[in-house]
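What follows is a single structure, written as structure tokens, with notes after it.
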Amino acid sequence: MNTRQLPGLAEFTEQAHAWLAGTAVPRAATTWGDGDDSVAVFENWTAAEERRHTDRIRAYEQVKFDAGWGALTWPAEYGGRSLPMSYALAFRRAEEEYDVPRRTEMFSVTQQLVAPTIEQWGTGEQRERYVRAMLRADLIACQLFSETEAGSDLAAVRTRANRNTDSTWTLNGHKVWTSGARVADLGVAVCRTDPAAPKHAGLTVFLVPMDAPGVTVRPIRQMTGGSSFNEVYLDDVVLDDGLRLGPVGKGWPVALTVLAAERLDGAGLGLANADQAVELARNLGREPTELERDRVADLVTRSYVQRIAGMRVAAAVVAGRDPGPEASVGKLLATDTMARTSEVVRLLLGRELTADSGRWGTYAWTEHVLGAPGYRIAGGTDEVQHNIIAERVLGLPKEPRP
């Protein structure tokens, strides 16, 4: 679609609302006490529940894609409409007003991180096989990046990929904190292929079928009781060279492509739960105290600041700029919003937070309170975000490594 054929943004938004209204119920029509009261930061599902929820979201994503609303910024060859990013953001805002299945992390990882990385670094065969399938949610991907020994230093990974004589590779290693590994079809694995090279130069990325022989997924139990994270063991996993993503030894820039896209998702984290905490204050069944009113007002104010930061990230993306510092500010504001949401909820509920009274919208908050601190690590630690701002905004030099 060329520029002359673009609908006006107002017309496009009206069309989006018309389609959404025929697909889902407006959120304004829902009332306090109806439906699921989960406010989990990291989902607390069994394997069967995770599969069921994933299939429900996948079905909606496929309907949306087939109706022309799924891959708006992508070209027609991938099922898209070649629309500017501003149109995708307008649809996302419209979609928030309807009770559609809430996407789990796996769908943003697949559609916004992995699919663009394959489109940039993949072979023609890989692009044809995976990109459209991921945008439609026919295939779901997870990230096999983190390792216990590497911490936040991705270039220190130890998972090995050794090349065999028959143009295959054998992978051996251990990945941790992998969200969605139980439901993913593919894992994007950063592996060391040249241990003698400088650590950033000796890496290669592979697409690992999660049902391949030698792949073992073990859930990690969280203090919420759930296990949305997993360990993934790779024991003599043999892959064809056609599953290598990008050139041998160029895994670092491939991984950076994934991580750059990951930063764009952080600014909106926690806002839905902050809004739910405000609704809790309205539905306590009693008048909030002055202190409670003050804390709720502070949360509302800070959530608006976070939304403004998200707008700055969106503006940078629309302008074609890398919103590194803006995204880092948004991520820091998000973790702060999550923490303050926990404070407000603890103040409003008191002992109802720790003892299940059966009242809707109360005990469910334990999963937010226990899970929220984890986002100071997930998606880039607070310390990493501070370093990005220090270096790219304040111009401070990097500290030399020992």
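Numbers here simply count residues along the sequence, with the first being 1.
- Distance alone, capped at 3.5 Å, places no donor-acceptor pair between the S146 side chain and the W177 backbone.
- Residue W69 is tested with Y60, Y87, F12 for a ring-ring contact (aromatic ring centres under 6.0 Å, His included); the sole match is F12.
- To the nearest 0.5 Å, atom CE of residue M85 and atom CZ of residue R92 are 7.0 Å apart.
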Would T193 and R163 count as a side chain to side chain contact (heavy atoms under 4.5 Å, CB included) if you check the C-alpha gap in whole Å, the side-chain angles of each, and the deciding distance to 0.1 Å? CA-CA 8 Å; T193 48; R163 193 160 203 163; over 6 Å; no

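- Remark: R218 qualifies as a cation-pi partner of Y233 under the 6.0 Å distance and 45° angle criteria applied to the six-membered ring.
- Formation of a donor-acceptor pair under 3.5 Å by the T362 side chain with backbone atoms of G358 is not found in this model.
- At a cut-off of 3.5 Å, with distance as the only test, no side-chain donor of E147 or H174 sits close to an acceptor on the other residue.
- One finds the CH2 atom of W74 at 10.0 Å from the CD atom of Q111 (value rounded to the nearest 0.5 Å).
- We find that R312 and E326 are not joined by a salt bridge, their nearest charged nitrogen and carboxylate oxygen being 4.0 Å or further apart.
- Judged purely by atom type and a 3.5 angstrom limit, Q120 has no side-chain atom pairing as donor or acceptor with the backbone of V254.
- Without hydrogens or angle criteria, R27 side chain to E97 main chain gives no donor-acceptor distance under 3.5 Å.
- Using a cut-off of 4.0 Å between Lys/Arg side-chain N and Asp/Glu carboxylate O, R182 and E49 are scored as not salt-bridged.
- Taking the side chain as every heavy atom from C-beta outward, V39 and E367 never approach each other to under 4.5 Å.
- The number of heavy atoms from other shown groups lying within 6.0 Å of CZ (R351) does not exceed 12.
- For the 3.5 Å distance criterion, the side chains of T168 and D166 qualify, holding a donor opposite an acceptor.
- One finds the CZ atom of R192 at 13.0 Å from the CG atom of L171 (value rounded to the nearest 0.5 Å).
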Evaluate D236 against N172 for side-chain hydrogen bond (donor to acceptor under 3.5 Å, both in side chains), listing each step before the verdict. CA-CA 5 Å; D236 291 329; N172 282 282; 3.1 Å; yes

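- For the atom pair L154 CG and L203 CG, the distance stands at 7.0 Å (nearest 0.5 Å).
- The number of heavy atoms from other shown groups lying within 6.0 Å of CD (Q62) is above 12.
- For R56, the CZ atom counts as loosely surrounded, since its 6.0 Å shell holds 12 or fewer non-hydrogen atoms of other residues, nucleotides or ligands.
- Interatomic distance, OG1 of T216 versus CD of E231, reported as 11.0 Å (0.5 Å rounding).
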Test side chain to side chain contact (heavy atoms under 4.5 Å, CB included) on L243 and W169; report intermediate values, then the result. CA-CA 9 Å; L243 290 168; W169 296 81; over 6 Å; no

In sequence, state the C-alpha distance, the side-chain angles, and the governing distance for E61 and K64, and then conclude on side chain to side chain contact (heavy atoms under 4.5 Å, CB included). CA-CA 5 Å; E61 291 294 314; K64 182 169 71 173; 3.3 Å; yes

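- Residues E96 and R93 are not paired through a salt bridge, judged by the lack of any N-O separation under 4.0 Å between the basic side chain and the carboxylate.
- Side-chain atoms of D298 never come within 3.5 Å of backbone atoms of D294 as a donor-acceptor pair (strictly under, hydrogens ignored).
- Using modelled atom types, one side-chain atom of K331 and one backbone atom of Y375 make a donor-acceptor pair closer than 3.5 Å.
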Under the side-chain hydrogen bond (donor to acceptor under 3.5 Å, both in side chains) rule, what do T341 and H368 come out as? Steps first, then yes or no, please. CA-CA 9 Å; T341 297; H368 173 93; 4.7 Å; no

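- With 3.5 Å as the limit, one finds a donor-acceptor pair spanning the side chains of D34 and T31.
- Here the straight-line distance linking atom CG of N230 with atom CE of M210 works out to 8.0 Å at 0.5 Å rounding.
- Heavy atoms from other residues, nucleotides or ligands lying under 6.0 Å from CZ of R295 number 12 at most.
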Please test T354 against Y363 for side chain to side chain contact (heavy atoms under 4.5 Å, CB included), starting from the C-alpha separation and ending with a verdict. CA-CA 7 Å; T354 56; Y363 186 68; 5.7 Å; no

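- Judged by distance alone, the side chain of Q126 and the main-chain N or O of T123 form a donor-acceptor pair under 3.5 Å.
- When the side chain to side chain contact (heavy atoms under 4.5 Å, CB included) test is applied to A201, the partners found at least two apart in sequence or on another chain are A197, P198.
- With a 6.0 Å radius and a threshold of 12 heavy atoms from other residues, nucleotides or ligands, E125 has its CD atom at or below the threshold.
- More than 12 heavy atoms of other residues, nucleotides or ligands shown are found within 6.0 angstrom of CD on E343.
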